[in-house]
Amino acid sequence: MKNLTILKLEYIFVFIYILFHIFFINLDPINDEYIFYSGADFIGTQNIEIINIFFDYNANTLGFSYLIYIFSTILNTDNFYLIGKIISLSSYIFLYFGILNFIKIFEIKKKFEILIIIFLCPIVFTYGFRATPDLFSFCLAFFSFSLILIKKKIIIKLLAFFLLSIAFVIKPINGIALFFVFLYYFLFNKKKIFQLENIIGVILFFLLSTTFFYLNYKNHGFAIISPNWRNLDTSENNFLVNFIYYLGFLNLVILPFNFKFILKEILNLKNFVLFTLISLTIFSYQFIHISESINEINFGFLSDGLNEYILKLFFGLNACFFIFFFFISISTKNRNHTLYFILITTLTYLLIISNFSPAQRYLMILFPTIYLLALRQNYHKIIYIIVLLTYFVLNLLILNNHLVISDLSKKTHNFLIKEGLLNQTHPGYFGQHSLSRFAKFYDSKMNIISQNNIFDQKKKYIITNEIKSYENVIFSYSSNKFLINREIFVVLRN
């Protein structure tokens, strides 16, 4: 009866959660979201040169845009943005069933707790409002990983490998889930490594993904990353800095639950010496490379006004905690294969993604195991409640920021259309967010409109969020939503 009640609560929670996201489905795009549904439009032209426009604006593959285009064709609609949003929303269904499988695989007792905390994690919550590949690829890869491990029927396993290949094509970094599968087999059940269905599944995975990337190379001249974005690869110095900041960011997930344990261990003289050595090493390296950019390892707009050096030291301190916890965990008598699985997958993945320009959204694939590690600790229920309340407030602030930017975008766009000034206006502030509303990428004769044209500095007007005076302002609008206040201006250039 208790299990049935919990199951009903899960269904109700997930239903309300998805319904809440649907309520905001008409928000304007934010943070480069525009290029993925625009990519679907480019694909629809069947013109390689126009499709190549996508790679001028984004480093991702065309996988998500193809998915949007396919479903738009099936549903006979050209509202690519809406289809992209619906695909993102479907992520939560994959995530839910992935978590259920995950719970069975690792025999997790705190079933409802881990479900709620993963769904309310600010990054997971936020990306459901966006038509971007990040959340969908993560959830699809996670679900596929769990399905491969828990199902015995060959057809289901092959379906899981097929879905994993799609996740890999959409966001190649999530192909790490294939490594997770075989690491799990190695630690828990070595006999399954060379099972026929797994061998066939791996062949299917590489056949499908290799075909996509070969066709991409044939049509666009590269397999995975466009030459336009090769500078995203990082130097040796950046690699280590990125690794430290990733560790620091991940530790924020664990810290509320294991802080008491860490503090107790640090007070041990032998462990205190270890923690001191770790801290001296991390902070010394940070000090030497303090000028290295933190990129997107931050708290988004919530980081505005925070001193970057303080933020770097904050992540550095958290990295120290994580490394210390790692050493203590592997030296304890209570270590087990689950702990090894979590630590190996975490460190392996971080070593890979630290080679590229860092962003906190890349960490989503680790969240299920990191939260499992967090909830393995002995903690008071009040800690869990405080974490959820903190997540709730952060989610509210992030959503309201999106609401404000969407409101500003719509009002500004309406003004420019009404006054007939759209083609004379530099996108400015909205060039990062909703560029597709303020510019066309090609004309009716299939002629490409270049970035130089779209962002022509000679255009008569410009959209900006900062002005020195109101002298040349022809339009201004202020939006205020729950502690978030922003103002936008259309300014006549001198």
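Numbers for residues simply follow the sequence, beginning at 1.
Heavy-atom neighbours of F182 CZ from other residues, nucleotides or ligands within 6.0 Å: above the threshold of 12. Sparse packing is recorded around CD of E49, with 12 or fewer heavy atoms of other residues, nucleotides or ligands lying under 6.0 Å away. Counted within 6.0 Å of CD on Q46, heavy atoms from surrounding residues, nucleotides or ligands total 12 or fewer; the atom is thus considered open. Heavy atoms of other residues, nucleotides or ligands lying less than 6.0 angstrom from CZ of F206 number 12 at most. Residue-environment remark: CZ (F392) stays at or below the threshold of 12 foreign heavy atoms within 6.0 Å. Summarising the local packing, CZ of F24 is surrounded by more than 12 heavy atoms from other residues, nucleotides or ligands at distances under 6.0 Å. Summarising the local packing, NZ of K151 is surrounded by 12 or fewer heavy atoms from other residues, nucleotides or ligands at distances under 6.0 Å.
For F275 and F321, the ring centers are positioned less than 6.0 Å apart. Checked against a 6.0 Å centroid threshold, the rings of Y17 and F119 count as neighbours. Taking the six-membered ring for Trp and the full ring otherwise, the centers of F55 and F222 sit less than 6.0 Å from each other. The ring of F145 has its center no closer than 6.0 angstrom to the ring center of Y184. Under the 6.0 Å cut-off for aromatic ring centres, F455 and H426 qualify, their centroids lying closer than that. F168 has its ring centre less than 6.0 Å from the ring centre of F213.
No hydrogens or angles considered: nothing links the side chains of E466 and Y429 as a donor-acceptor pair under 3.5 Å. Judged purely by distance below 3.5 Å, without hydrogens or angles, the side chains of K218 and Y214 never pair a donor atom with an acceptor atom. Side-chain atoms of S137 and N174 include a donor-acceptor pair closer than 3.5 Å. Side chain to side chain, Y37 and S436 meet the donor-acceptor criterion of an N or O pair below 3.5 Å. In this structure, a donor-acceptor pair under 3.5 Å is present between the side chains of N401 and R486.
The distance from the CG atom of L317 to the CZ atom of F322 is 14.5 Å, given to the nearest 0.5 Å. Taking CD1 of I30 as the start and CG of L403 as the end, the distance is 9.5 Å to the nearest 0.5 Å.
With sequence neighbours excluded, the residues forming a ring-ring contact (aromatic ring centres under 6.0 Å, His included) with F142 are F102, listed by chain and number. Scanning for ring-ring contact (aromatic ring centres under 6.0 Å, His included) contacts around Y362 gives an empty result, with sequence neighbours left out.
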Derivation and outcome, side-chain contact (heavy atoms from CB on, under 4.5 Å), residues K171 and I365: CA-CA 11 Å; K171 200 83 177 175; I365 193 69; over 6 Å; no

F106 vs F341, ring-ring contact (aromatic ring centres under 6.0 Å, His included): CA-CA, chis, key distance, verdict: CA-CA 11 Å; F106 290 99; F341 177 81; 5.4 Å; yes

Side chain to side chain donor-acceptor pair (under 3.5 Å) evaluation trace for E113 with Y371: CA-CA 10 Å; E113 287 92 331; Y371 278 112; over 6 Å; no

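Ring geometry, F239 versus F243: the interplanar angle falls under 30°, so the pair is classed parallel (tilted spans 30 to 60°). Ring geometry for H21 against F129 counts as parallel: the plane angle stays under 30°, on a 0 to 90° scale with 60° as the upper cut. The aromatic rings of F441 and Y57 lie perpendicular to each other, with more than 60° between the two planes, well past the 30° mark.
Geometric assessment of K190 against the ring of F186 yields a positive cation-pi assignment under the 6.0 Å and 45° thresholds.
Of all the heavy atoms in I148 and A160, the pair that sits closest is CG1-CB, 3.4 Å. Closest of all the heavy-atom pairs between D28 and Y81 is C-OH, 3.3 Å. Minimum heavy-atom separation, D41 to F80: CA-CE1, 3.6 Å. Between Y384 and I117 the shortest heavy-atom distance is OH-N, 3.8 Å.
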